[in-house]
Structures are given as C-alpha cells and as structure tokens.
Student: 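Before we start, here is the structure in question, set down as structure tokens.
Positions are given from 1, in the same order as the sequence printed here.
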Amino acid sequence: MAYLTTAPRGTKDILPGETPKWQYLEKTLLQTAELFGFREIRIPTFEHTELFNRSVGDTTDVVQKEMYTFQDKGDRSVTLRPEGTAGVARAALENGLLGDALPVKLSYNITCFRYEKPGSGRFREFHQFGVELYGADSPAADSELLALACECFQVLGLQNVVLEINSLGCRECRKRYTDALLRYFSQYRGQLCSTCLERLDKNPLRVLDCKSPQDKEIAAGAPSILDYLCGDCQEHFREVQQRLSAAGIPFRVEPTIVRGLDYYTRTVFEMVHTAPDGERMVCGGGGRYGGLIQELGGPNLEGIGFAMGLERILKIMEDEGCDFPPEQTCDVYLASMGRAAGVKAFQLANLLRSEGFSAQCDLMGRSVKAQMKYANKLGAKYVIVLGDDELQKGEALLKSMRTGATSPIPLGDGFSDAVYEEIMKNAYADLEEVAGQLGLDHHHHGEG
C-alpha cells in the first residue's frame, strides 16, 4: 500500500472553499494601504542569512531558534524569510527606491517561515500583510502609520481590537533603560527561567517579553521605559499621541511593549484583540527603526512599518461573524445530450466566458439527469439543456434554478446578449421581490 504524504507540521492547506476569504482579505488590505499612498512590492522568499543576522538581531529568538537556514548547492547560507521588513529594506536599497522623492511607501503580502511550536493562530509557514515607510523621522509619519493600521481593522469590520503604543526611545535612552533593567532583574537571577537568564546578559529588554507566569510577575515590577526617555523622545511620543487624539483614533499607552526584534527605536505598537472570554491575541504590530537602512549599507535613513498576521485576522473575523463577499458560483451550466450537442455546449460555454460569465459544461459524459444534479451542486444560477431538437431549432430554454422559470434563447447570433438580458431581468425581479418583502415600493423608494 502506497504511503500518503501529509503536510508538514505547522503548515496548512488553504482549500478552494477558503480562498475567497483570503483573496478578499489580501485585496482589502492592499487597497486600504493604497489610500494612504503605499504601493505593493514583491520580494524573494529566501535571502542571504546575513541579512537577517544583521537586521533582526542575533540576540532575538527569531535568529537564535526559529529561522529555516540551510546551505544551497553553491555552499551559500540562505534563509527562508522569517519576517518582511529586512527583505523590503534590502530590495528598496538595492533597487535605488530610496533615491526617489521621500517618503517612500511600500506594502506587501508575503508568506513567512519560523520554526516554533504551532498553536492557536501560530504556524511555521504563515502569511503577513505589511507596510514600510522610509525617509520620514517626524511624529507625523508614526501617526499616519498607526492610522493606517487602525483603518485596516475598521474596514474589515473587526471589533474589540485596541491599539497599544509605547516608545523605546533612541539608542541613548535604550542604553540607560537597558542598564536599569539589568540592575533590576539581576536581583532575581535565582528565580528567572534559563531563557531569561540568557537574555539578561545579551538583551535585557527581551526579558519583558517572557511568557512564563513567574517571570511575568517579576517583570511587572520592572522600571518603565517612559521614565528613561530623553527630552526629544518624550516630545516625539507626546506628539504621536496628540495626533491620534486629534483624529479620534482610540489608543492605550502600554509601557511593556518591546516587540521581538532588535531594530526598533522610539514608537512601537501592537494591535490587540480581546475575545469575549478575555483571551488576548496580538494580530499586528510594528514600529520605528532608525539605523536599519544604514546597517544594511545604505544612508542614515529612518524607517517605520508594521505587519499583520493574516491567519489570526481571519480567525477573528470568522469568530466575530464579519461579512465576506459571497463565493463566486457558476452563472450558466450547459447540459448536453449527444456528441453534437456536447460540441455546441463547449462552444457556447467559451463564448459566455469571453463575455465575463462563469460558465461550465459536461466533461464526464454524464446523463442529463446527472448533469442537472451536478449543476445544482455547483450552485449554478441558470441551466441550458441542449439536444438534437434544440440544435435543429437553433433555440434552447434558459432555466432559472431558483424559480424554475424558462426563457427561449437563440443558439446563433445574439446568444450571449439574450443570456445577459434574461439574467438582468431575473435580477431585477429578485430586487422587486426583496423590496416587497421589506414593505418598500421599489419604483418610489425615495418618496413618502
């Protein structure tokens, strides 16, 4: 017996019944970003490993534990991208995009790969939507990016998502804060988990991100980064909040947000969803990264961006009963009897497709009865049955699968026009029926 290969752990097949939701989500996010001036960029799935070591940071869990890294056939170390920011920055720098008029605004839909324990909304291969903005160091840029993140969730109809913001300050602020954290957590070396002990010596900020209940309790008493911001960073963060308030965008200052990657400076944020049972899920986040472009060999240019996990967003949308567009179904199914009718059905199906209709015909040699069952399973709105009599008369009946009503359709010239007219006539009748059920007069809906 042949062995059936299964999908690797932490990956997921997206089946035809699910893809319309994905297409809607991806398209909606890209279109929303376009309203803010962001243009889509597409980057390679893998990069030279050095890119992520230099940008993401070798003290992060992503680089130390989670990257899919391997030697290619040229004995070069390459890595499947664990996130999008580094690859987009490399592409913008390499292709001269940063020499254009600033700011440069880019958006993307990508797959990412991290070797971590799969869980609720967490996969080893996952999908992200993200944006990056280069060249603007003002609080206005931070505010616009945060407004875009909030607008994305608003457009999708998501409820119970809160914007939480923090500031990590500049390098000087961060150095003072890191020293303060090191002094604080050193008192608890005997109580911290082994991972946090390792983080403490390399990057004390990462201890604040630990999920261990005991370590979280210790971290709750740690100093706040907001007490270590210099005057410029305080003013920057203050103006970000002022702009958000002026635009009526709700937010909450959360000093414990540090994000998981080393390149962040000043503004960082997360979009957090709270379920009715109180469970919190981070479904997006990002922040400002001064120095990243310079680290990659480019000019000293500021950047800011965010990414959203599409698997998590889809799960929340489904849990909250958000609206999705209706799934595309077959407009017209052409059932045929005999070889000549089958050829004619094939010809007419192609004609309808060229006019923008979704049309199908028999490919299995089924009986007409079986074809009708199949058309019903497809959700076909209309059926045309073709046999010798119809071919001889040059005319067939278009049957509405909803009402059973039939209309004569010429099989020669004017075929697609006749189909279109009948479909539109039925659509208008459906509208009249709905209006009647709602107690509205469709012809005079603006009166009274």
Student: Determine the minimum heavy-atom distance between Thr32 and Thr28, stating which atoms define it.
Tutor: OG1-O, 2.7 Å
Student: Taking all atoms of both residues into account, what is the closest heavy-atom pair of Cys361 and Tyr333, and its distance?
Tutor: C-OH, 3.7 Å
Student: Please answer whether the main-chain N or O of Phe357 pairs with a side-chain N or O of Asp331 as donor and acceptor at a distance below 3.5 Å.
Tutor: no
Student: Measure from the side-chain N and O atoms of Arg199 to the backbone N and O of Val207, and report whether any donor-acceptor pair falls under 3.5 Å.
Tutor: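 Not confirmed, Arg199 side chain does not pair with Val207 backbone.
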Student: Measure the OG1-CG distance between Thr256 and Leu205 for me, rounded to the nearest 0.5 Å.
Tutor: 11.5 Å
Student: Could you check whether atom CD of Gln392 has more than 12 heavy atoms from other residues, nucleotides or ligands sitting under 6.0 Å from it?
Tutor: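 At most 12 heavy atoms, drawn from other residues, nucleotides or ligands, come within 6.0 Å of this atom.
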Student: Treating Arg124 as the side-chain partner and Pro118 as the backbone partner, does any N or O pair qualify as donor plus acceptor under 3.5 Å?
Tutor: no
Student: Would you say Leu411 and Leu386 make side-chain contact, with heavy atoms under 4.5 Å?
Tutor: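 Leu411 reaches Leu386 side chain to side chain.
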Student: Decide yes or no for Thr329 and Lys381: does some side-chain heavy atom of the first lie under 4.5 Å from some side-chain heavy atom of the second?
Tutor: yes
Student: Give a yes or no answer on whether the side chain of Glu327 reaches the backbone of Pro20 with a donor-acceptor pair at less than 3.5 Å.
Tutor: no
Student: Just jot down the ring pair (Phe, Tyr, Trp, His ring centres under 6.0 Å) partners of Tyr68, sequence neighbours excluded, or say none.
Tutor: Tyr115
Student: Would you check if the side chain of Asp215 reaches a backbone N or O of Cys193 as a donor-acceptor pair within less than 3.5 Å?
Tutor: yes
Student: Judged by atom type as modelled, is there a donor-acceptor pair below 3.5 Å linking the side chain of Ser77 to the main-chain atoms of Thr49?
Tutor: no
Student: Taking the side chain as every heavy atom from C-beta outward, state whether Phe126 and Cys112 have any pair of such atoms under 4.5 Å apart.
Tutor: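 Yes, their side chains come closer than 4.5 Å.
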Student: List the atom of Arg122, the atom of Lys117, and the distance in Å for their closest heavy-atom pair.
Tutor: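 In terms of heavy atoms, the two residues are closest at CD-O, 3.3 Å.
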Student: How about CG on Asp323, more than 12 heavy atoms from neighbouring residues, nucleotides or ligands closer than 6.0 Å, or not?
Tutor: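 No, not enclosed.
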Student: When you measure from the side chain of Glu47 to the backbone N and O of Arg81, does any donor-acceptor pair fall under 3.5 Å?
Tutor: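 Here the side-chain-to-backbone pair does not exist.
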Student: How are the rings of Phe46 and Phe70 set relative to one another: parallel (under 30°), tilted (30 to 60°) or perpendicular (over 60°)?
Tutor: tilted
Student: Where do His127 and Glu26 land on the side-chain hydrogen bond (donor to acceptor under 3.5 Å, both in side chains) test, with the steps shown first?
Tutor: CA-CA 10 Å; His127 301 76; Glu26 292 163 351; 5.8 Å; no
Student: The test is side-chain contact (heavy atoms from CB on, under 4.5 Å); show your working for Phe153 and Met271 and say whether it passes.
Tutor: CA-CA 9 Å; Phe153 288 99; Met271 305 296 295; 3.6 Å; yes
Student: May I ask you to say whether Glu318 pairs ionically with Lys21, meaning some side-chain N is under 4.0 Å from a carboxylate O?
Tutor: yes
Student: What distance separates Glu164 CD from Ile257 CD1, expressed to the nearest 0.5 Å?
Tutor: 5.0 Å
Student: Would you call Glu270-Arg280 a salt bridge at under 4.0 Å N-O?
Tutor: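 Between Arg280 and Glu270 there is no salt bridge, as every charged N stays at least 4.0 Å from the carboxylate O atoms.
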Student: Kindly give the heavy-atom pair with the smallest separation between Leu97 and Val104, and that separation in Å.
Tutor: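 That would be O-CG2, 3.4 Å.
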Student: Could you walk me through whether Tyr289 and Glu295 pass side-chain contact (heavy atoms from CB on, under 4.5 Å), step by step?
Tutor: CA-CA 11 Å; Tyr289 42 89; Glu295 178 67 29; over 6 Å; no
Student: Does Glu302 come within less than 4.0 Å of Arg266, counting only side-chain N to carboxylate O?
Tutor: no
Student: Does any part of the side chain of Tyr24, heavy atoms only, come nearer than 4.5 Å to the side chain of Met317, both counted from C-beta?
Tutor: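 Touching, per the 4.5 Å side-chain cut-off.
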Student: Checking the side chain of Asp75 only, and the main-chain atoms of Gln71 only, is there a donor and an acceptor separated by less than 3.5 Å?
Tutor: no
Student: If you define the side chain from C-beta out and look only at heavy atoms, does anything of Val155 sit under 4.5 Å from Gln31?
Tutor: no
Student: Is there a side-chain contact (heavy atoms from CB on, under 4.5 Å) between Val385 and Met372 once you walk through the steps?
Tutor: CA-CA 9 Å; Val385 178; Met372 294 296 285; 4.2 Å; yes
Student: With no hydrogens and no angle check, is any side-chain donor or acceptor of Glu390 less than 3.5 Å from a backbone partner on Gly387?
Tutor: yes
Student: Quick one: does Leu93's side chain get under 4.5 Å of Tyr134's, heavy atoms only?
Tutor: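 No, side chains not in contact.
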Student: Take Leu310 and Asn109 through the test side-chain contact (heavy atoms from CB on, under 4.5 Å) and record every step on the way to the result.
Tutor: CA-CA 9 Å; Leu310 299 192; Asn109 272 319; 4.0 Å; yes
Student: Could you check whether atom NZ of Lys216 has more than 12 heavy atoms from other residues, nucleotides or ligands sitting under 6.0 Å from it?
Tutor: no
Student: Between Tyr108 and Ile43, is there a side-chain heavy-atom distance shorter than 4.5 Å?
Tutor: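 The answer is no, as the side chains (C-beta and beyond) never meet within the 4.5 Å cut-off.
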Student: What I'd like to find out is whether the side chain of Val161 reaches to under 4.5 Å of the side chain of His273, using heavy atoms alone.
Tutor: yes
Student: Which atom names give the shortest non-hydrogen contact between Ala345 and Leu334, and what distance separates them?
Tutor: CB-CB, 4.0 Å
Student: Enter the distance from Glu151:CD to Leu35:CG here, rounded to the nearest 0.5 Å.
Tutor: 7.5 Å
Student: Return yes if some donor-acceptor pair links the side-chain N/O of Asp13 with the main-chain N/O of Leu15 below 3.5 Å, else return no.
Tutor: no
Student: For Gly287 and Tyr264, work out which heavy atoms get closest and say how close.
Tutor: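 Heavy-atom minimum between the residues: N-CE2, 3.3 Å.
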